[in-house]
4 protein chains.
Amino acid sequence: MSEGEGRRGRGRPRDERLDERILGATRELIDEVGYHQVTMEAIAARAQVGKASLYRRWPTKAAVITDAFATELVAPSAPDTGSVGEDALRFLRDLRQTLTLLGGPSVVAGAVAERGEAGQAELREILRSWSGPGAELLRRGIGRDELAASTPVDVVVDGWAGYLLYRVVFARVVPSDDELRALVSLLPTT
Amino acid sequence: MSEGEGRRGRGRPRDERLDERILGATRELIDEVGYHQVTMEAIAARAQVGKASLYRRWPTKAAVITDAFATELVAPSAPDTGSVGEDALRFLRDLRQTLTLLGGPSVVAGAVAERGEAGQAELREILRSWSGPGAELLRRGIGRDELAASTPVDVVVDGWAGYLLYRVVFARVVPSDDELRALVSLLPTT
Amino acid sequence: MSEGEGRRGRGRPRDERLDERILGATRELIDEVGYHQVTMEAIAARAQVGKASLYRRWPTKAAVITDAFATELVAPSAPDTGSVGEDALRFLRDLRQTLTLLGGPSVVAGAVAERGEAGQAELREILRSWSGPGAELLRRGIGRDELAASTPVDVVVDGWAGYLLYRVVFARVVPSDDELRALVSLLPTT
Amino acid sequence: MSEGEGRRGRGRPRDERLDERILGATRELIDEVGYHQVTMEAIAARAQVGKASLYRRWPTKAAVITDAFATELVAPSAPDTGSVGEDALRFLRDLRQTLTLLGGPSVVAGAVAERGEAGQAELREILRSWSGPGAELLRRGIGRDELAASTPVDVVVDGWAGYLLYRVVFARVVPSDDELRALVSLLPTT
DNA sequence: AATTAACCGAGACGGTACGTCACGTCTTTAA
DNA sequence: TTAAAGACGTGACGTACCGTCTCGGTTAATT
């Protein structure tokens, strides 16, 4: 017995449903007024929740907002069609959609701007979850001799992420399929 | 002849020296305390300027800060060494330095996050000034038959800018010369 | 039954001690720098209170200041020595002291000048509290046949109040006991 | 002798018409928005005058406003009907009208509240101009043996002024003719 | 006639205080 | 102990006036 979900505490247990009510309200508000107009007080009011319940769960506004979207940002999968070009295209489309869903520069850039050094770690974790599958499909391509063994995998993957970030978040022009294909065409195929 | 510097308004003209005093104070403060600790009141105090003089010139804090850096961000030149690989490397080093000088994610990301749709145009203008010289050197390379005629110039340039943005601003790891060279190695040389 | 001190709201109740801390700080500041130098920010700082707590209680600066003194202006008592002349003299001395304590024209006149129509009602209430005891002692004098039954009680009392207001607040010369006695001598004794 | 309207100076002479334009605009604004809403900038705008022209003529806002009304407040005359009671009644009616015209507490009280010690002298001068004629008619009454020789003239006159000030400015209820008559009836007629 | 100097309207200048808003914390009653 | 409500101290916001200071331009009296 025992085992460690442990300490149920003595008082009233936390209402787990509040978490999603809060994050939902946060997402709604960001959609409506943009990252920087969102206030903790508005979130609390919208979610019909006391401010204390908010701060009991997240230490700061940026944390709430990051979480509100982190749960939406599924890591892109690493497709395996047998062709590295096709895999890459699918991967880039997934990433493009994820970034587009974030609703413009507000969320990503806002989160970057506002979080202290501590919060940066969490953000980097998300970024890494994007990079992993990309690297994986490239290495599979190298294994199949589709790509040169010297392919700088990390640089390519970061270039992909950077390209999409730059286009979608900063320049605010979502790249077309043709542009994604052009990006793929730069791969050093054998 | 003549041409129109035209009739200045009737009241006391604005003191042009204040503009630079304000932007200088803004740059100092960002260096010292970071984007989000900067306040309009601190800027005014540091520049020895009334708050009204600030708001007479810029409508919002983000506008001041963007301007403070827009004036510093010189468009990177398009070097012409005769070798597209060498040109590209020099260009990327310039761009890397510019972004690094911006002092981390705070400034760029903060500016993106905070500005309304109107201000985005200005930012895009800055981004375009980065792209121009990069495209130029690539086209020269194509002209010299160093690069394939099919090279997707815009995609390459945006990929470069995005890569550096992603690494410097978001991941906060400044790329090494080797990494820049790896990026250059992806160019479709003939 | 019961009757309604009623349901206090659900949130944290207002800290009643702050009220007096604020009013005390206000009185100190008026004494030190005068009505028009007093600022809400100075009051808040002196009282160790947030500005919001001030504005939660009073809508405007004039309201705070009026209240600061309203609580000090005790209604003059209606002395009962058996002689209406003696009663009147004591009453006038009390009133003279109260007005003198207000520290010159600043407070009363300032409060009058600044408050909107709403606040005027409150001021009139204070004025009425001055008039009541004066009328009372005059009526006792009529009852004892010291004064003519036709004495215009209200006019006399308002004349007294006006005389003191005029002398102390506007002309800024505090009336002597002899002058008060001269005022009393005008009463239509039988 | 000559005597000194003197020194016409060399530059452009002041435009005398501006004085009345400014004072007129001031009176209009006080009527419209009340003493404390009046700003120097609004006066200048309304009078179509530069702020410098305002400050060239009056050192402070209170000075402008006081002047704006000082020119309207004609000193009450000392009527001479042969009956001190009738004289007093007419005098009080004049005074009542003057005070009523001032438009409520704003002007008088505001002027009192705001002026420094220096400006108080000017106000007292106005008050004295009210008292003079009142004292005069009382002394004539004493001379005609209508009033007791012991009548405390100054106290009576100040009581009248105070009564009207109190009623019109502070209590904001203009006294009726009957009330004025009751005031007169308190005179120690022989 | 040319010069000089004070005037004019306009409006920018450095300040100061305003009243509002959001932060993150604390304090109440109720479950 | 958690919940909702909402008061708390703090501090920045953007606005409004203050009284002063330039501007370009006008209007006499003096050279």
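Here is the naming used below: chain letters follow the sequence lines, and residue numbers restart at 1 for every chain.
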Looking at [options], which one has an atom nearest to any side-chain atom of [X]?
{"X": "C:Thr39", "options": "F:dC18, E:dA17, E:dC23", "value": "E:dA17"}
{"X": "C:Tyr55", "options": "F:dC8, E:dC13, E:dT20", "value": "E:dT20"}
{"X": "D:Ala52", "options": "F:dA3, E:dA10, E:dC13", "value": "E:dA10"}
{"X": "B:Met40", "options": "E:dG14, F:dC8, F:dG14", "value": "F:dG14"}
{"X": "B:Lys61", "options": "F:dC13, F:dC8, E:dC8", "value": "F:dC13"}
{"X": "D:Arg10", "options": "E:dC13, E:dT4, E:dA10", "value": "E:dT4"}

Can you tell me if [X] touches the phosphate of [N], counting only side-chain N or O atoms and a distance under 4.0 Å to OP1 or OP2?
{"X": "B:Arg56", "N": "E:dC13", "value": "yes"}
{"X": "C:Ser53", "N": "F:dA7", "value": "no"}
{"X": "C:Arg57", "N": "F:dC8", "value": "yes"}

Gap between atoms [atom1] and [atom2], on [X] and [N] respectively (whole Å):
{"X": "B:Trp58", "N": "F:dG14", "atom1": "CH2", "atom2": "C1'", "answer": "16 Å"}
{"X": "C:Leu54", "N": "F:dG11", "atom1": "CG", "atom2": "C1'", "answer": "15 Å"}
{"X": "B:Gln37", "N": "E:dC23", "atom1": "CD", "atom2": "P", "answer": "15 Å"}
{"X": "D:Glu16", "N": "E:dC7", "atom1": "CD", "atom2": "P", "answer": "12 Å"}
{"X": "A:Arg14", "N": "F:dA4", "atom1": "CZ", "atom2": "C1'", "answer": "15 Å"}
{"X": "A:Arg17", "N": "F:dT2", "atom1": "CZ", "atom2": "C1'", "answer": "13 Å"}
{"X": "B:Ile22", "N": "E:dA12", "atom1": "CD1", "atom2": "C1'", "answer": "12 Å"}

Could you check whether [X] pairs with [Y] (Lys NZ or Arg NE/NH1/NH2 to Asp/Glu carboxylate O, under 4.0 Å)?
{"X": "A:Arg46", "Y": "A:Glu32", "result": "yes"}
{"X": "A:Arg57", "Y": "A:Glu16", "result": "no"}
{"X": "C:Arg27", "Y": "C:Glu20", "result": "yes"}

message: Please determine whether any donor N or O and acceptor N or O are separated by less than 3.5 Å between the side chain of D:Lys51 and the base of F:dG19.
response: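 When only heavy-atom distances are counted, D:Lys51 does reach the base of F:dG19 through a donor-acceptor pair under 3.5 Å.
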base_contact_polar (F:dT22 base, B:Arg12 side chain, donor-acceptor, <3.5 Å):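 It does not, because no donor-acceptor pair links the side chain of B:Arg12 to the base of F:dT22 below 3.5 Å.
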- prompt: Mapping A:Ala42 and D:Arg21 to their closest nucleotides on DNA chain E, which lands nearer the 5' end?
  reply: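 It is D:Arg21 whose nearest nucleotide is closer to the 5' end.
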message: I want to confirm an ordering. Mapping A:Glu41 and A:Ala44 to their closest nucleotides on DNA chain F, which one lands closer to the 5' end?
response: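 In this pair, the answer is A:Ala44.
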- prompt: Hey, which of these two, B:Val38 or A:Asp15, hits DNA chain F nearer its 5' end, going by closest nucleotide?
  reply: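 Counting from the 5' end, the first nearest nucleotide belongs to A:Asp15.
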message: How long is the straight-line distance from CG of C:Asp19 back to CG of C:Asp67, given to the nearest 0.5 Å?
response: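 Atom-to-atom, C:Asp67:CG and C:Asp19:CG are 9.0 Å apart.
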message: Under the rule for side-chain contact (heavy atoms from CB on, under 4.5 Å), what residues qualify as partners of D:Gln37, not counting sequence neighbours?
response: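 Per chain and number, D:Gln37 pairs via side-chain contact (heavy atoms from CB on, under 4.5 Å) with D:Val33.
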query: side-chain contact (heavy atoms from CB on, under 4.5 Å) with B:Asp31: which residues, sequence neighbours excluded?
result: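 By the side-chain contact (heavy atoms from CB on, under 4.5 Å) rule, B:Asp31 matches no residue at all.
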